[in-house]
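First comes the structure, then the notes that go with it.
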There are 2 protein chains.
Amino acid sequence: MGVTIYDVAKEANVSMATVSRVINGNTNVKPATRQKVLTAIDELGFRPNAVARGLASRKTTSVGVIIPDISNLFFAELARGIEDIASMYKYHIILSSSDQQKTKELDLLDNMLEKQVDGVIFMGSSVTSDHIEAFNQANVPVILAATVDDTEQLPSVNIDYYEAMKDAVTYLSEQMDQEAVGFVTSPLNAKINDMKRQGYVDAIKASGLAFNEDYIYPGDDSYQSGLDAANYFLKQQHPPKAIITSSDEMALGVIHGAQDHGVSVPNELSVIGFDNTRLANMVRPTLTSVLQPMYDIGAVSMRLLTKLLRGEEIEQEQVVLPHRIVERDSTNA
Amino acid sequence: MGVTIYDVAKEANVSMATVSRVINGNTNVKPATRQKVLTAIDELGFRPNAVARGLASRKTTSVGVIIPDISNLFFAELARGIEDIASMYKYHIILSSSDQQKTKELDLLDNMLEKQVDGVIFMGSSVTSDHIEAFNQANVPVILAATVDDTEQLPSVNIDYYEAMKDAVTYLSEQMDQEAVGFVTSPLNAKINDMKRQGYVDAIKASGLAFNEDYIYPGDDSYQSGLDAANYFLKQQHPPKAIITSSDEMALGVIHGAQDHGVSVPNELSVIGFDNTRLANMVRPTLTSVLQPMYDIGAVSMRLLTKLLRGEEIEQEQVVLPHRIVERDSTNA
DNA sequence: CTGAAAGCGCTAACAT
DNA sequence: ATGTTAGCGCTTTCAG
C-alpha cells in the first residue's frame, strides 16, 4: 500500500513507537493518545505489514500444515479442525498437500521453515528417521496429527488404532458365531495400518478363529478398491461373512460390490467402515463405522500447538482421543 | 536458526551481496565463486529467511485463498487444483474457510493483505459492492473462482451455470415427454443459484411445460436436504418424474429418499446431480451429473493469477470452462 | 563480476 | 506515558 507506521505517527503527532504500542494493544498508552492514533490509522487506511512485524519480532503467527491430500474427505475434515482453532488463536495456515511422498514432505517442511512458520502440523504416511531429524532441526514445534511415530519423540494426536480395530472385529464376531471376517487394508499410513492389522489379527485369534492371510485384501483407500475387494472375497470358496475396511469410502465399495454379486447386506454379509465420515449416512444400507474424530484430531493438534507456542503447561504430549463404533444398518446389531 | 546470509558470506570469503546473488540465481557470478558460496551454504545449513526477503523485495510468493468450507468435497477439490498449480510456480497457499459469512470473508482478506500476499483467490456466496471495494483497495490481483460477479469487474473462472442447467433440464425432458421436472436449489452461491434457476425456468418453458413454483425445493446442499426434497416432491399430488439438484450430495439424498418411498430410480424417477464429484459413482444407481470441472477451475484460477503476477499476456479475464452431462444410471438414456 | 551501503516496515530495549 | 535508536535478514541500487 505505502502507508506505514511512520506516516501514522506523523499524522497523529506521536512517535512511531507509540503507534506500534497502539496496534499491539500495549496498555501503556494514554487513552487520548490512543484515540488520536486510532483516528490517524483510520484516516490513512493504515494496514500493519505482517512481514515487517515478523522480521522484527521473529514471530509470524502462521503455522505450516503438511497434509497428504486436501481433496480427501478425511483429511479435509481434519484440516477444518486445525483451521478453526488456528483462526481462534489468530494463526494463519500455510497448507500443502504432499501426496505422501517423502521427498515432497521434506521439501514442504523446508519451504515452510523458510517462511518462518511458528510451528508445523504434520500428517503423513510414515515418520522415518529422516523425518525425525528434519523435525528436530526445525527449531519450531512439530505435531503429528493422525500420524504415528514409533519412537514417540514428537507430540501427536491420534486414536488407538489397535484397540479400535480390535473392537470392530470383536463386535462383528460376537454377532456371528465363528464366521470369517475379511479385512481391507489401506496404505495411507504405514504404521497405523500395522496397528490396525495387528488389532485385526489379535481379535480374530481371541475369538477362537484361525487367522488366514487370504482374508486380508490390500486396498488403496479408494471406492474402486472396495469394489475390487468385494469381488476378491466373494469369489473365494469360503467367503467371509463380514468385512471390515480401513476407510468408509472402501466400505461403500464393498457394499456395492456385494450387491452387484447379489449378496445382501447385512443379511448375508456385514460390512463395517472406518472413520465414520459423512459418507456413512450416504449409502443404503447405512454404514456401521468406527468413529475416528477427524475434526477433533485436527482441533486438538492445533490447540496443542498453540500451547507449545505460548509456553503453556502440557499434561500429555501423546494425545489419544476416544473412538467408538457407530452402529447403523450394514451390520446385524 | 541463526545462520544468516552474512555468516555464509564470511565463511565463503565474499560479500553478502554475492551470496544473495547466488541464492537468487543471478547469473553474474563467476562459477568458482558460486561454488564456494554453495559449499558454505551447505556446510552452515543456511536457510534463506523468506520473511526478510519478503520485506526487502516486497514479494512474498504466497497467495491467499478464501474458501467457503474446506471440508466440503466440492471446494476441497477446487483447492487441490489451486494448490497443484501454486506449487508448480513456487507459490505458497494461505488457506482460510469463511463459512460464506461476509464479515469473515472481509476480515480474512484483510489479514491476508497484512501478510502481504501477492494475490488472492476468492470463492464466496456473493460478491457485494463492499467486496468489490475491498478487492480494489487490495492493490494485489484478486480472482474469483466458481464465484460470479454481475459487474464482471474482476477476473474469474466459472462454467456457464445458466446453460448447464438448461442442458440438464432439456436432457431430461427429451426423454420424458412432457413430464414435470423438480429442482432442488442450493444457497451456496446466490448469483450462481439465480443463473441455474433461470436456466431451469427457461428450459422448462422451452420444452412446452408450464412453470410451477411448487416444483422448486430450496435445499441447503446437504444430503439430508436431498432426503427432505424427495419427501417433499413425492408427497405431491402430481410428483415430478425427474429431479435435478444443485449438488451431487443432495442428489444422493433424493435417490435414497425416493427408494425409501418405494419409488424406483430411474424407472419411476430420474435424478440428475450437479458437479460430478466422486460421489456420483458411489451410489446405486450411479448418478448422472452435470460435470463441473472443480479441479480445473482451481487450477485455471491459479494459473491466471500467476500470469497476472508475472505480467504475462492475458487473453481473457473472464474464463468460462466447458461443462457437460455425464450419463450414468440414475436417468434413462 | 563483486562489494558497500541504504533501506524494506516494524519491534524492542533503553531512555526520558 | 512517550520518544530514540538499533537492529531483524535480506534485496537492490550504485560503484568500481
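Labels below follow one simple rule: chain letters A, B, ... track the order of the sequence lines, proteins then strands, and each chain is numbered from 1.
- Taking only side-chain nitrogens and oxygens, Ser15(B) never comes nearer than 4.0 Å to OP1 or OP2 of dT2(C).
- A donor atom on one side chain and an acceptor atom on the other are not found under 3.5 Å apart for Arg310(A) and Tyr89(A).
- Checked against side-chain hydrogen bond (donor to acceptor under 3.5 Å, both in side chains), Ser20(A) has the following partners two or more places apart in sequence or in another chain: Asn24(A).
- Applying the ring-ring contact (aromatic ring centres under 6.0 Å, His included) test to pairs two or more places apart or on separate chains, none has a residue in residues 295-322 of chain B.
- Judged by distance alone, with hydrogens and angles left aside, the side-chain atoms of Thr147(A) form a donor-acceptor pair with the main-chain N or O of Ala145(A) at under 3.5 Å.
- Counting heavy atoms from C-beta outward, Leu321(B) and Asn158(B) have side chains that stay 4.5 Å or more apart.
- Of the possible polar contacts, none joining the Glu11(A) side chain to the Leu44(A) backbone as a donor-acceptor pair under 3.5 Å is found.
- Put simply, the side chain of Ile70(A) reaches to within 4.5 Å of the side chain of Ile70(B), judged on heavy atoms.
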- Message: Each nucleotide in nucleotides 8-16 of chain C should get exactly one letter: B, S or -. Can you fill that in based on protein heavy atoms under 4.0 Å?
- Response: BBBBBB---
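- Minimum interatomic distance between Asn49(A) and Ala52(A) (heavy atoms only, all atoms of both residues): OD1-N, 3.0 Å.
- Comparing the end axes of the helix from dC1(C)-dG16(D) to dT16(C)-dA1(D), each fitted to five base pairs by superposing C1' atoms of four pairs onto the next four, gives an inter-axis angle of 30° (nearest 10 degrees).
- Taking Lys102(B) as the reference, Asp130(B) meet the salt bridge (Lys or Arg N to Asp or Glu O under 4.0 Å) condition, with sequence neighbours excluded.
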- Message: The test is side chain to side chain contact (heavy atoms under 4.5 Å, CB included); show your working for Lys104(B) and Asp99(B) and say whether it passes.
- Response: CA-CA 8 Å; Lys104(B) 215 164 162 187; Asp99(B) 292 316; 3.2 Å; yes
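- Here the range on DNA chain D touched by chain B, meaning any atom under 4.0 Å from one of its heavy atoms, is dG9(D) to dT12(D).
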